[in-house]
Visitor: 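Please read through the structure below; I'll follow up with questions.
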Amino acid sequence: MKERIRLELENALKKSALFFAEIPLAIEVPQNPKHGDYSTNYALLAAKQQKKNPHDVALIIVDALNKHSSNLFSKIEVVKPGFINFFIDDRMFFSEIALILYQKDGYGEGDAFLNQKILLEFVSANPTGPLHIGHGRWAVLGDNLARLLLSQGGKVETEFYVNNVGKQIEMLMASVGAAIEGQPIPENGYHGNYIKELAEKAKEEKPASLLDFVLAEMIGSQKQILSLLGVDFNRWFSEKDLHDSGAVKDAVAQLEKKEATFKEGGAVWFKSEDYGDDKNRVLIREDGVPTYFAADIAYHLDKLNRGYDSLINIWGTDHHGYVARLKAALQALGFDQNKLKIIIGQLVSLYRGEEQVRMSKRTGDMITLLEVVEEIGCDATRFFMSMTNEHTHLDFDLELAKQKSDENPVFYVQYAHARICSILRQEDLRRPASLDYAAIQFSLLSNDAEKNLIKKLCAFPDVLKEAALAYEPHRLTVYVREVATLFHNFYHQCRVISDDLETTKARLVLIEAARIVIKNVLKLLNISAPERM
RNA sequence: GGGCCCGUAGCUCAGUUGGAUAGAGCAACAGAUUUCUAAUCUGUUGGCCGGAGGUUCAAGUCCUCUCGGGCCCGCCA
């Protein structure tokens, strides 16, 4: 809808010589419905640049719009400082509702990322302990984002980078080894119960390679938990492979070739300071072993060589200091760092009532992601994790989520869907699928509850596109709650099935449209849309 | 000491990329069902948007300072 307004507006601006490419042409949905269905502040911005009176500029624009107007608007007005408010002709909304029923599952899709090859890497937790709730948050974010970009025509792949090499793996093996021998676990080792369980299992199965066995177990359980959360990766990428294939050494060699390295204290360093980092970083340690950083450069080189248009990484806040050095390395190697977008996800603080639950991997008494999902369910966990943006620390109260599960917002949305399905079941003969949309008297949908719902539904493609461009899936959650609210409101004010056949038909079409939109959003969030509750 | 993120109702969070009168859920209180699902709806109470300056037609949103909270600053990953 915004796009249609933008086109008309652009056309009018060009005709009145007021089109300036450098001024953003923003179409917004005003908070106050009195300010129209949509509005723009363009005249205010243009007036400033042209040093003219904004109100006058707005009048000129509106005049041009009226001269060349299609049937999109029922009214256009200029207000106070210089806003232009658009009132959309009801028929435009009605045809959009018909479009929803026509496009069904595909309604809302756009082309903001058409044919872009995108690699999304997220979670990538060390295989040294169970996943915690923070991982769950980032997993849900990444998974939602993948589907969101897909809905905009992107060719998206998801990947989990497995850090199966390094000192933390040695420590893991030392811990399991000690547990098998019945020895105390090393002080710096991993002390969780899962170590003992792994040791028991290893004793029973007597694997040929303990290392392979332990890693397979750890990674397997991570996969299982993520799958329970509805998150399945396209690829699990092994760090070890990069070492084995020589890709890590090759990456270092490439940096050396660019003269971006130096030797000091027996180690090979990357001159990251020259590329905007605040320190130089070690690539090859004194003992000749490459650092994690070196491997990560190789990993990102590998990604880039696979031909993606853009790489998106979701990292925990504890890795934020790592962004500068990785971008520095890619820059030194001549890659455009803008291809790499790193989203930093903040942590989740878990509470049980007043008491905060720590999430250390090293202690035995932590709450794992698995426990949270088992306690409150996949749908509720996903919904909670999808409600907020990733910049904020999230305080998540398990007791509350569990106790109040009946009043959980996810049920509110699902209930709206189930309610619609229930009505539709009663009216099999007059199901929207068998209706002739052209014959529907949409003008019968004339009260505020109906109009508000219609307008909200029609905003879906815009919401979806904007959420994708901002990489903010949580906007969908905010939106679908609004749809559910407006539907429930409509339900109480308007009876769908009545003796008035024409009104019944029109309302059936409306609720079917609402059902489709709710279902499409829930699908993007990978949350179930039950037909009965 | 330096860096990143955050601070909005009693609690948990939105806030359309700088727009018009700051929103929702929960909690509290008062109501609504002979009617398609009451897991619902309506209303009331609740705000110096941490604080102070600044930028401009316009600031919760941008800049500076400041207070408070989280995370990070390894030849660990």
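Just so we're clear, the structure is a prediction, and the values are computed from it rather than from any experiment. In what follows, every chain begins at residue 1, and chains take the letters A, B, ... in the order their sequences are listed. Heavy-atom basis, side chains included; hydrogens, waters and symmetry copies ignored.
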Visitor: I'd like to know if the side chain of A:K327 and the backbone of A:L340 have a donor-acceptor N/O pair within less than 3.5 Å.
Guide: yes
Visitor: Could you tell me how far apart A:F384 (CZ) and B:rG25 (C1') are, to the nearest whole angstrom?
Guide: 9 Å
Visitor: For A:R425 and B:rC36, what is the distance between atoms CZ and P respectively, to the nearest whole Å?
Guide: 14 Å
Visitor: If you only use heavy atoms from C-beta on, which nucleotide in B:rA77, B:rC5, B:rG19 is closest to the side chain of A:H391?
Guide: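 Shortest atom-to-atom distance from the side chain points to B:rC5.
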Visitor: For A:Y299, run the ring pair (Phe, Tyr, Trp, His ring centres under 6.0 Å) check against A:F160, A:F237, A:Y292 and tell me which one passes.
Guide: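 Looking at A:F160, A:F237, A:Y292, the match for A:Y299 under the ring pair (Phe, Tyr, Trp, His ring centres under 6.0 Å) is A:F237.
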Visitor: Pick base, sugar-phosphate or nothing for A:L44, based on heavy-atom distances below 4.0 Å to the nucleic acid.
Guide: base
Visitor: Could you state the atom-to-atom distance from CG of A:D462 to C1' of B:rU17 in whole Å?
Guide: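 So the CG-C1' distance, A:D462 to B:rU17, works out to 15 Å.
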Visitor: Under 4.0 Å between a side-chain nitrogen and a carboxylate oxygen: does that hold for A:E121 and A:K341?
Guide: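 Salt bridge flag = no for A:K341 with A:E121.
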Visitor: Classify the nucleic acid contact of A:D287 as base, sugar-phosphate or nothing, counting any heavy atom under 4.0 Å across all strands shown.
Guide: nothing
Visitor: Map every base of RNA chain B to its dot-bracket character, where paired means a Watson-Crick or G-U wobble contact with both distances under 3.5 Å and | marks a partner outside the strand.
Guide: (((((((..((((.....[...)))).(((((.......))))).....(((((..]....))))))))))))....
Visitor: Would you indicate which nucleotide in B:rU37, B:rC72, B:rA24 comes nearest to any side-chain atom of A:R481?
Guide: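 Closest of the options to the side chain of A:R481: B:rA24.
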Visitor: Could A:K75 and A:E77 be called an ion pair, given the rule that one side-chain N must be under 4.0 Å from one carboxylate O?
Guide: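 Salt bridge: yes.
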Visitor: Rounding to a whole Å, what distance do you find between A:F383:CZ and B:rA24:C1'?
Guide: 12 Å
Visitor: Going by the angle between their ring planes, with limits at 30° and 60°, are A:F460 and A:Y479 parallel, tilted or perpendicular?
Guide: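 Plane angle under 30°, so parallel.
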Visitor: For A:H35 and B:rA20, do the ring centres fall under 5.5 Å apart while the planes stay under 30° apart?
Guide: yes
Visitor: Between B:rC57 and B:rC49, how far apart are the two C1' atoms, rounded to whole Å?
Guide: 22 Å
Visitor: If the P atom of B:rA28 is compared with that of B:rU33, how far apart are they to the nearest Å?
Guide: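 Taking atom P in both B:rA28 and B:rU33, they lie 22 Å apart.
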Visitor: Out of B:rU40, B:rA14, B:rA77, which has the shortest distance to the side chain of A:N389?
Guide: B:rA14
Visitor: Suppose we screen for salt bridge (Lys or Arg N to Asp or Glu O under 4.0 Å). Which residues come up paired with A:K455, at least two apart in sequence or across chains?
Guide: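 Checked A:K455 against salt bridge (Lys or Arg N to Asp or Glu O under 4.0 Å); matches are A:D37.
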Visitor: Hey, does the side chain of A:Q426 come within less than 4.0 Å of B:rU37's phosphate (OP1/OP2), counting only N and O?
Guide: yes
Visitor: Which part of the nucleic acid, if any, lies within contact of A:G265, taking any heavy atom under 4.0 Å across all strands shown: a base, the sugar-phosphate backbone alone, or nothing?
Guide: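 Answer is base: heavy atoms of A:G265 come under 4.0 Å of a base.
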Visitor: Can you check whether A:R285 has a side-chain N or O nearer than 4.0 Å to OP1 or OP2 of B:rC76?
Guide: yes
Visitor: Atom CG of A:N41 to atom C1' of B:rU17: distance rounded to whole Å?
Guide: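 Atom CG in A:N41 sits about 11 Å away from atom C1' in B:rU17.
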Visitor: Rounded to whole angstroms, how far apart are NZ on A:K505 and P on B:rC36?
Guide: 23 Å
Visitor: Would you classify A:V165 as touching base, sugar-phosphate or nothing, given that sugar-phosphate means primed atoms plus P, OP1 and OP2, and contacts are heavy atoms under 4.0 Å?
Guide: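 Touches sugar-phosphate only.
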Visitor: Roughly, in whole Å, what's the span from CZ in A:F293 to P in B:rC76?
Guide: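 Rounding to the nearest Å, CZ of A:F293 and P of B:rC76 are 14 Å apart.
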Visitor: So A:Q31, base contact, sugar-phosphate only, or nothing? Heavy-atom distance under 4.0 Å.
Guide: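 Answer is base: heavy atoms of A:Q31 come under 4.0 Å of a base.
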Visitor: Evaluate whether the aromatic ring of A:F83 and the six-membered ring of the B:rA20 base sit under 5.5 Å apart, centre to centre, with an inclination under 30°.
Guide: yes
Visitor: At 4.0 Å (heavy atoms only), tell me whether A:V496 reaches a base, stays on the sugar-phosphate, or touches nothing.
Guide: base
Visitor: Which is true for A:I284 with a 4.0 Å heavy-atom rule: it touches a base, it touches only sugar-phosphate, or it touches nothing?
Guide: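 Nothing, no heavy atom under 4.0 Å.
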Visitor: Select base, sugar-phosphate, or nothing to describe what A:E170 touches, counting heavy atoms under 4.0 Å on all strands.
Guide: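 Nothing, no heavy atom under 4.0 Å.
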Visitor: Classify the nucleic acid contact of A:Y491 as base, sugar-phosphate or nothing, counting any heavy atom under 4.0 Å across all strands shown.
Guide: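 Since a base atom lies under 4.0 Å of A:Y491, the category is base.
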Visitor: What does A:H393 touch in the nucleic acid at a heavy-atom separation under 4.0 angstrom: a base, only the sugar-phosphate, or nothing?
Guide: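 Counting heavy atoms under 4.0 Å across all strands, the contact made by A:H393 includes a base.
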Visitor: If you measure from the Lys or Arg side-chain nitrogens to the Asp or Glu carboxylate oxygens, is any gap between A:E159 and A:K303 under 4.0 Å?
Guide: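 So A:E159 does not pair with A:K303 through a salt bridge.
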Visitor: Taking the six-membered ring of A:Y491 as reference, does the NZ or CZ atom of A:R419 fall below 6.0 Å from its centre and within a 45° cone about the axis?
Guide: yes
Visitor: Report which part of the nucleic acid A:N164 touches: base, sugar-phosphate, or nothing (heavy-atom distance under 4.0 Å, all strands).
Guide: nothing
Visitor: Side chain of A:K279 only, heavy atoms from C-beta on: which candidate in B:rC57, B:rC73, B:rA77 is closest?
Guide: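 Among the listed nucleotides, the one closest to the side chain of A:K279 is B:rC73.
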Visitor: Report which part of the nucleic acid A:A47 touches: base, sugar-phosphate, or nothing (heavy-atom distance under 4.0 Å, all strands).
Guide: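 No contact.
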Visitor: Which part of the nucleic acid, if any, lies within reach of A:N163 when heavy atoms closer than 4.0 Å are counted: base, sugar-phosphate only, or nothing?
Guide: sugar-phosphate
Visitor: Pick base, sugar-phosphate or nothing for A:R532, based on heavy-atom distances below 4.0 Å to the nucleic acid.
Guide: base
Visitor: Not counting sequence neighbours, which residues clear ring-ring contact (aromatic ring centres under 6.0 Å, His included) with A:Y42? List them please.
Guide: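 Counting only residues at least two positions away or on another chain, A:Y42 forms no ring-ring contact (aromatic ring centres under 6.0 Å, His included).
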Visitor: Looking at B:rG19, B:rC73, B:rG3, which one has an atom nearest to any side-chain atom of A:H320?
Guide: B:rG3
Visitor: So which nucleotide from B:rC36, B:rU16, B:rU40 ends up closest to the side chain of A:Y412?
Guide: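 My answer, after comparing the listed nucleotides, is B:rU40.
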Visitor: Can you tell me which nucleotide in B:rC75, B:rC13, B:rG70 comes closest to the side chain of A:T317?
Guide: B:rG70
Visitor: Taking atom types as modelled, find out whether A:D379 and A:Q414 have a side-chain donor-acceptor pair closer than 3.5 angstrom.
Guide: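 Their side chains do contain a donor-acceptor pair, which is all the 3.5 Å distance test asks for.
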Visitor: To the nearest Å, give me how far apart CG (A:N408) and P (B:rC13) are.
Guide: 14 Å
